[in-house]
Amino acid sequence: MTLHTITSIREGLRAKQFSAVEIAREALETAERENPKTNAYLRLCPERALAAAAEVDRKLAAGIEAGALAGVPIAVKDVILTKGVRTTCASKMLENYVPPYDATAVERIEAAGGIIIGKTNCDEFAMGSSNENSFFGPVKNPAALDCVPGGSSGGSAAVVAQGPAVVSLGSDTGGSIRQPASFCGVVGVTPTYGRVSRYGLVAFASSLDHIGPFARNVSDAAAVLEAMAGRDPMDSTSAAAPVPSYSAALNGGDVRGMKIGVPVEYMKHATGETAELIHAAVGKLRGMGCEVRDISLPSTDYAIAAYYIICTAEASANLARFDGVRYGYRSPETASPEAHKLSAMYRNSRGEGFGPEVKRRIMLGTYVLSHGYYDAYYLKAQKVRALIARDFTNAFREVDAIVAPVSPFPAFRIGEKVNDPVSMYLSDIYTITGSLAGIPCMSVPCGATTATATDPALPVGMQILCNHFEEQKMFRLAHAFENS
Ligand code: GLN
């Protein structure tokens, strides 16, 4: 199997070394063969993929421009709608849901010639940090099959690390792209909030949800983001700001004089090999001519509490639509003696259709929004969110970019944290701040832990955060780092 990149596919198609249909076939066959190891794909869509690939070949043969992603096999997280292709959110609730339309991101990827080959596994409704909350079973990390790939977009990270997809789409609400990218050793990008339309992304926490790419290198990630970004009339929170050429921002690695901030509040918690690798990466940036300095993000300690109030509040409202009436799972009328009553039908459908983590969040969210608690929890969390955003605004007056760990630890063993939700939530400490502020952030591989007799070497990612709509700067730094 060839580990293609967007560039190698473009060049191979131009030189007629292979056709888009051949590439799509290879990706589908590899996915079929490799998937039993990782459970990263929930389903493939060969008909759609081969039809799209044939169209690319037809355009190329006719000398028509086939798009920036022509012939590139792309996997899509199963919380992003694909017309006619089942989209389950890894939940029993939507086990048989076939969307009547495509998400805008998917539409734009295909308009750029991208080939959607399948839908990837994830935590149920994107709630989780390990991909163990899927109704269809956990995903395994291709780098160490007894470890989690991270979550919630674990399948999207795994298929790019493993090879059957060249790039993939994930969603990030509090770290679900960056953390699995770090755990699987690939690039993962969370763009500025509003940069990519959320139309067709099943809502978890609408004020925090982002769609973003996974790729094996920075330039591929930049190309995918460029293809999907931009205003969409179907999403009123999508930004009107013009989309610059992210690929053109990768200027060959000169980042001399770039000011980099390292948050003291993050580094004081970082321990072990992850901390050593981040320190080494920072040293490397210094060696490349960046001016590195310590900065302070003083509200960091309150971020997890604020995030888990805001995201659960929004989730409890967003998931109210899954009531067994219009679509989704409906409990059979025989489920209980009362099942013919409306309230029992709701209760049974939601009780049977949602998994434990989703239920926990709906209950937490309902609680923090309820009368008498709203001010104490939800309103307070919103104020903390504003303080966190202000920390970043202040920091970006002094520095161009912030560099930090993605996660306090590398991939952990499947089952290790599954019964301890608080410890699982703590693993999001470095990623949710950027999400709450709505700024662009990404994970770029920065090495691996040392293999021991019991543990294999595990990938570790470095996080880069920039100010709103400064993706170009972020990509430039990541690209330079990748090539150093
Ligand atoms: N791990 C975080 C959570 O469980 C983030 C999830 C996400 O970004 N979708 O909420």
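In each ligand, atom 1 is the first atom listed, and ligand 1 is the first ligand listed. Note that this is a predicted model, so its numbers are computed, not measured. Residue indices begin at 1 and follow the sequence shown.
Considering backbone and side-chain atoms alike, Met127 places every N or O at 3.5 Å or more from each N or O of ligand 1. Taking distance alone, with nitrogen or oxygen atoms compared against 3.5 Å, Gly128 approaches ligand 1 more closely than that limit. Considering backbone and side-chain atoms together, Phe204 places no N or O closer than 3.5 Å to any N or O of ligand 1. An N or O contact shorter than 3.5 Å links Ser129 to ligand 1 by distance. Where the criterion is an N or O separation shorter than 3.5 Å, residue side chain and backbone included, Ser176 meets it with respect to ligand 1.
Rounding to the nearest 0.5 angstrom, the gap separating the CZ atom in Phe214 from the OG atom in Ser156 is 5.5 Å. A distance of 14.0 Å separates CD of Glu132 from CD of Glu124, quoted to the nearest 0.5 Å. Here the straight-line distance linking atom NZ of Lys359 with atom CE of Met127 works out to 13.0 Å at 0.5 Å rounding. A distance of 6.5 Å separates CE of Met424 from CG of Asn133, quoted to the nearest 0.5 Å.
Of the heavy atoms in Asp428, only side-chain atoms (C-beta onward) come closer than 4.0 Å to ligand 1. Only side-chain heavy atoms of Arg361 come within less than 4.0 Å of ligand 1; its backbone N, CA, C and O stay farther off. With a 4.0 Å heavy-atom cut-off, ligand 1 is reached by the backbone of Ala126 and by its side chain too. Looking at Tyr425 against ligand 1, nothing comes within 4.0 Å, counting heavy atoms.
The environment of OH in Tyr377 is sparse: at most 12 heavy-atom neighbours from other residues, nucleotides or ligands sit within 6.0 Å.
Remark: side-chain polar atoms of Asn318 are paired, donor with acceptor, to backbone N or O of Phe204 under 3.5 angstrom.
Close contacts of ligand 1 with Ser152, meaning ligand atoms under 4.0 Å from a residue heavy atom, involve 9 (N). Atoms of ligand 1 lying under 4.0 Å from at least one heavy atom of Gly174, given by number and element, are 5 (C), 7 (C), 8 (O). Ligand-side atoms of ligand 1 in range of Gly175: 8 (O), range being under 4.0 angstrom from any heavy atom.
Between Phe183 and Phe412, the ring-plane angle classifies as perpendicular under the 30° and 60° cut-offs. By the 30° and 60° cut-offs, the orientation of the rings of Phe322 relative to Phe354 is perpendicular.
Residue contacts with ligand 1 do not include Glu357, since none of its heavy atoms lies under 4.0 Å from the ligand. At least one heavy atom of Tyr307 sits under 4.0 Å from some atom of ligand 1.
Relative to the six-membered ring of Tyr101, Lys83 misses at least one condition, a distance below 6.0 Å or an angle of at most 45° to the axis.
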